[in-house]
Amino acid sequence: MEFPATDWYQFFSSLTEGELEGIALLRVIECTNGCIQHAFRDNHPKALSVEQTRKAMKFSMGLMKTMEFELGGDRYSFSESTGENLREIRELYVKGFKQNDDEALEEFLRSSVACATVLGKDRIQKAAKLVIEHIPDVIPPYSVRWGIDYLYSLMEPEE
């Protein structure tokens, strides 16, 4: 299947600071949840309980479905076009990882690298701090490091 060529760097670079902060929160939550899910499936010694694993997944999935959320008294939402692109990225993830579509996976990874690189370590760190402070009952604070490390691993090296 052919995907439209999206310049993900241009897309993420064109967003407002508020949208970038919201996306940083989404990505920290999503990536931490992904690591939580992998640890559970792999029976890793640090895996969370089945209840906690489900709680993290339900919360993360809910954010992606609504594209609007509140955390720490601040409300995060996205413009229609930003929401469309975020849904497209989610679709690429599903096709790539769940349906084994190599082209979709490749495009998803391109979008992920661009996203993490444009967000930068400062925004990611700020988002992680908010997650740790405001939803420790959903995402255990120690597990947030897993998501951060994953996001950092995606970043293009600085010139």
Side-chain angles (χ1 to χ4, degrees), residues 1-38 53-139 143-144 146-156 158-159:
M1 177 175 190
E2 191 66 33
F3 295 98
T6 300
D7 183 338
W8 295 112
Y9 282 96
Q10 194 278 326
F11 163 66
F12 287 110
S13 296
S14 73
L15 301 179
T16 66
E17 186 57 33
E19 286 188 316
L20 289 170
E21 288 173 7
I23 289 170
L25 280 165
L26 279 177
R27 294 300 289 152
V28 166
I29 292 166
E30 289 173 329
C31 292
T32 301
N33 174 59
C35 293
I36 288 170
Q37 301 307 314
H38 279 287
T53 300
R54 283 186 184 138
K55 193 175 192 180
M57 182 174 64
K58 184 178 178 186
F59 184 80
S60 178
M61 296 299 293
L63 294 183
M64 277 310 295
K65 286 185 177 140
T66 62
M67 292 283 173
E68 204 172 315
F69 59 98
E70 193 172 310
L71 191 65
D74 289 323
R75 185 137 199 82
Y76 298 90
S77 61
F78 305 100
S79 70
E80 192 175 319
S81 64
T82 299
E84 285 174 19
N85 277 306
L86 294 176
R87 279 187 283 285
E88 179 184 342
I89 291 168
R90 177 75 187 146
E91 189 177 317
L92 290 167
Y93 169 84
V94 169
K95 287 179 180 176
F97 282 102
K98 310 284 186 193
Q99 300 168 5
N100 298 315
D101 181 325
D102 290 340
E103 284 182 52
L105 179 59
E106 197 174 306
E107 188 67 14
F108 170 76
L109 293 173
R110 269 196 294 279
S111 74
S112 294
V113 168
C115 180
T117 302
V118 171
L119 289 176
K121 288 186 176 184
D122 289 344
R123 277 192 204 94
I124 291 168
Q125 200 62 43
K126 182 180 173 191
K129 187 176 180 210
L130 288 171
V131 170
I132 289 166
E133 285 176 14
H134 297 289
I135 53 171
D137 56 320
V138 177
I139 299 196
S143 67
V144 175
W146 306 341
I148 293 170
D149 288 346
Y150 175 75
L151 282 165
Y152 287 175
S153 76
L154 294 173
M155 298 173 111
E156 295 278 355
E158 293 182 22
E159 300 290 305

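One-based numbering along the sequence shown.
Nearest heavy atoms, Cys115 versus Arg27: SG-CG, 3.8 Å. Residue Ala56 comes nearest to Asn33 through the heavy atom pair C-OD1, 3.4 Å, listed as atom of the first residue, atom of the second, then distance. Residues Tyr150 and Cys35 come closest through the heavy atom pair CB-SG, 4.4 Å. Smallest separation of non-hydrogen atoms from Lys95 and Ala104: CB-CB, 3.6 Å. Closest non-hydrogen pair, Ala128 versus Val28, comes out as CA-CG1, 4.0 Å. Annotation for Glu68 and Ser77: closest pair CG-CB, 3.7 Å, computed over non-hydrogen atoms.
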Original post:
Would Tyr93 and Glu30 count as a side-chain hydrogen bond (donor to acceptor under 3.5 Å, both in side chains) if you check the C-alpha gap in whole Å, the side-chain angles of each, and the deciding distance to 0.1 Å?
Top reply: CA-CA 12 Å; Tyr93 169 84; Glu30 289 173 329; over 6 Å; no

**OP:** List the steps, then state whether side chain to side chain contact (heavy atoms under 4.5 Å, CB included) holds for Tyr152 with Gln125.
**Re:** CA-CA 10 Å; Tyr152 287 175; Gln125 200 62 43; 2.8 Å; yes

**OP:** Determine, step by step, whether Val113 and Tyr9 satisfy the side chain to side chain contact (heavy atoms under 4.5 Å, CB included) criterion, reporting the C-alpha distance in whole Å, the side-chain angles of both residues, the deciding distance to 0.1 Å, and the verdict.
**Re:** CA-CA 9 Å; Val113 168; Tyr9 282 96; 3.4 Å; yes

Subject >> Steps toward side chain to side chain contact (heavy atoms under 4.5 Å, CB included) verdict (Arg110, Glu107) >> reply: CA-CA 5 Å; Arg110 269 196 294 279; Glu107 188 67 14; 2.4 Å; yes

**OP:** Please report the C-alpha distance between Thr117 and Leu154 in whole Å, then the side-chain angles of each, then the deciding distance to 0.1 Å, and finally whether the side chain to side chain contact (heavy atoms under 4.5 Å, CB included) criterion is met.
**Re:** CA-CA 7 Å; Thr117 302; Leu154 294 173; over 6 Å; no

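Panel note: side chain Thr66, backbone Gly62; a donor-acceptor pair is recorded below 3.5 Å. With hydrogens and angles ignored, the 3.5 Å screen pairs a side-chain donor or acceptor of Arg123 with a backbone N or O of Val118.
No side-chain heavy atom of Glu106 sits less than 4.5 Å from a side-chain heavy atom of Glu103. In this structure, Leu15 and Phe78 have side chains that are not in contact, with every pair of non-hydrogen atoms separated by 4.5 Å or more. Side-chain contact check for Leu130 versus Glu21: every heavy-atom pair is 4.5 Å or farther apart. Looking only at side-chain heavy atoms (C-beta outward), Leu26 and Leu86 come within less than 4.5 Å of each other.
Note on ring orientation: taking the six-membered ring where Trp is involved, the planes of Phe108 and Phe97 are perpendicular (angle over 60°, cut-offs 30° and 60°).
Atom CG of Asp122 has 12 or fewer heavy atoms from other residues, nucleotides or ligands within 6.0 Å. Counted within 6.0 Å of CD on Glu80, heavy atoms from surrounding residues, nucleotides or ligands total 12 or fewer; the atom is thus considered open.
How far CG of Leu25 is from OH of Tyr76: 5.0 Å, rounded to the nearest 0.5 Å. To the nearest 0.5 Å, atom CZ of residue Arg90 and atom NZ of residue Lys65 are 8.0 Å apart. Here the NE2 atom belonging to His134 is positioned 5.5 Å from the CG atom belonging to Leu71, to the nearest 0.5 angstrom. Within the model, atoms CZ of Phe12 and OG of Ser111 stand 6.0 Å from one another, a figure rounded to the nearest 0.5 Å. To the nearest 0.5 angstrom, Ile23 atom CD1 is 8.5 Å from Met67 atom CE. Remark: Phe59 CZ to Ile29 CD1 distance equals 5.0 Å, nearest 0.5 Å.
Salt-bridge formation is not detected for the pair Arg87/Glu91: no Lys NZ or Arg NE/NH1/NH2 atom is positioned less than 4.0 Å from an Asp or Glu carboxylate oxygen.
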